[in-house]
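What follows is a set of notes on a single structure, which appears directly below.
Below, read A as the first sequence line, B as the second, and so on, with proteins coming before strands; counting in each chain starts at 1. In this text, all values refer to a predicted model and were calculated from it rather than measured experimentally.
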Amino acid sequence: MDWCFPLTIVLHWWSTTAPYFSLLLQGSKIALQMTVLTLLFGSVFGLIAVAMKTSRFAPVRGMAQFYVWFVRGTPLLVKIFIIFFGLPQLGINLPPYIAGAFALAIHTGAYIAEIIRGGLLSIPKGQHESAAAIGMTYRQTMQWIILPQVIRVVLPPMTNQFIITLKETPLLSTIGVMELTLTTNVIVQSTYRPFEFYIMSAFFYLAMTSMLTYVMGILEKRCSVAYGAAGRRQFPSRSAGRGGVAPAPS
Amino acid sequence: MRGQRPGDATLCQGRNGDGGAADPQKPLLEIRSLRKKFGELEVLKDISLSVRPSEVLAIVGASGSGKSTLLRCINLLEEPSGGEIVFANRHVYPNTHARKEELRTHIGMVFQNFNLWPHMTVLENVVKGPIHVKGIPRKEATAAAKNLLASIGLSEKMDAYPSRLSGGQQQRVAIVRALAMSPKLMLFDEVTSALDPELVGEVLQLMARLADEGMTMLVVTHEIAFARDVSHRTIFIDQGAIEEDGPSGEILVSPRKERTRQFLRRVLHESIS
């Protein structure tokens, strides 16, 4: 008798939402597309920003610093509105999907810049020095020695950023992008069943973030092949001092 | 694994060929009045010395005396504050024309912390320099690298990642990585200081072998016995200046200056007790 009641609730929930799965799936697809596009372009912006931040020329450094400061200090929604509602006043009319992707990419780019910068700082100075001592140029050092190691280091924070971006896509519903949340809104308006549908929507998001986490986990494992038992760890070592490849310097 | 026993192959060209016979009398490296300041701190004060081809020079001194800085000025990892450095008849410092990278292909450096590149296998570590810096074709570079690794007995570790190797093995790979560039001069910066005591020997052995084959070496070290037995000349640096400079047999057994005696007493006393 006790388990009958919850079971009927679940069955009711499923039967209510199931006919709309294809719509929800479509919305999810758009959300994922937005996320992937954002991460790709955001990484480009982030890399450029980091390169500019390490420039010899102060104005170039200043521009990058301004970008990061401004973007991190302002809400994403406000930036979305500036780009979608504000730019038309200057004559720049972007369709919702382009405006949304652009706003998200610029926003995420600043965070990715800081992620990459943190990753670069974490590479021991000795790696730069041994590359230099062999006669590698700065570019060669970055390409062959430093950046490959940075990729492995930034995977956990990038996974984070991926998930954050996915959960930011609902903000695009304000400008008419038919991602998952706007789709759910529309369904709710015609079925008058907000509880069932928003919960189902939440599960769709959960499925997507879980999938992302899983894929990034595989990437992390693949990048850690070189590091043996130490690399397969998921958490920092508890044993005192001697983690990593070389023994601690005396 | 391919029938090469350790000790068979030569590690370097040494006395027998260097791309142009090195005149044993003319110095390979000349340092005149070298000075280095870090901000207000003067780490090197008016250092002058010269090194002949195939000479093995040991550099000893207390921590902070400037030994590592001296080495790092030679391959321009540090920019000197004054003085002159001449290597193989070319001005290293001051010099606006030559590229640092070109100079560094002729000078090999081995670090205290090995600094192997952890995301590449041992073999890849060794061939990276020859292939990308010197432009040697991959096949040729790989064959040469395999020979070098075989001659130090690490053939079976060729495809392993550095994390799988002991400290001594890693340091020997680091030495071989530098040798793969066929340098005229090798700089060793306290290369055994970070090793467990029982692994120190295998690295020193490799260095002794290198010295035997006629490589010109500058060795910053705390291993006094090694300096005495393997190096031709020893320099004692104290607070940025050269206190003593002479044959290793003399300096390390019966030094002239009191500071040197004090230093040796401290170092040798520590290793005995």
Any side-chain to backbone donor/acceptor pair from Ser163(B) onto Ala226(A)? Under 3.5 Å, distance only. yes

Side chain, backbone, both or neither: which part of Arg177(B) has a non-hydrogen atom closer than 4.5 Å to chain A? both

Heavy atoms only, distances under 4.5 angstrom: which of Met109(B), Arg72(B), His106(B) has the most pairs with chain A? Name it, please. Arg72(B)

Residue among Gly126(A), Cys223(A), Pro124(A) with most heavy-atom pairs under 4.5 Å to chain B: Gly126(A)

With side chains defined as the heavy atoms from C-beta onward, is the minimum distance between His119(B) and Val225(A) less than 4.5 Å? no

Tell me whether Ser130(A) contacts the main-chain N or O of Asn115(B) through its side chain, where contact means a donor paired with an acceptor under 3.5 Å. yes

Got Gln143(A) and His132(B) here, is their nearest side-chain heavy-atom distance under 4.5 Å? no

Around Tyr205(A), counting heavy atoms of other residues, nucleotides and ligands shown, do more than 12 lie under 6.0 Å from its OH? yes

Please check if atom CZ in Phe38(B) has more than 12 non-hydrogen atoms from other residues, nucleotides or ligands closer than 6.0 Å. yes

Find the distance between CG (Asn113(B)) and NZ (Lys125(A)) and round it off to the nearest 0.5 Å. 11.5 Å

Value rounded to 0.5 Å, distance of CH2 in Trp144(A) from CD in Glu124(B): 10.0 Å

Within a radius of less than 6.0 Å around NZ of Lys134(B), do more than 12 heavy atoms belonging to other residues, nucleotides or ligands occur? yes

Measure the shortest side-chain to side-chain distance between Trp117(B) and Ile146(A) over non-hydrogen atoms and say whether it is less than 4.5 angstrom. no

Do Ile134(A) and Lys128(B) come within less than 4.5 Å of each other through their side chains, counting heavy atoms only? no

For Pro118(B) against Gln149(A), the heavy-atom pair lying closest together: CG-OE1, 3.5 Å

Step through the shown structure and confirm whether more than 12 heavy atoms of other residues, nucleotides or ligands are within 6.0 Å of CZ on Phe263(B). yes

At a heavy-atom separation under 4.5 Å, does Gln140(A) approach chain B through its side chain, its backbone, both, or neither? side chain

Would you mind checking which part of Ile107(B) comes under 4.5 Å of any heavy atom in chain A, side chain (CB onward), backbone (N, CA, C, O), both or neither? backbone

Rounded to the nearest 0.5 Å, the OG1 atom of Thr137(A) sits from the CZ atom of Arg104(B) at a distance of 11.0 Å

Any donor-acceptor pair under 3.5 Å linking the side chain of Gln127(A) with the backbone of Leu116(B)? yes

If you take all heavy atoms of Met136(A) and Glu101(B), which pair is closest and at what distance? O-CG, 3.7 Å

Heavy-atom pair of closest approach, residues Gly135(A) and Val133(B): O-CG1, 3.6 Å

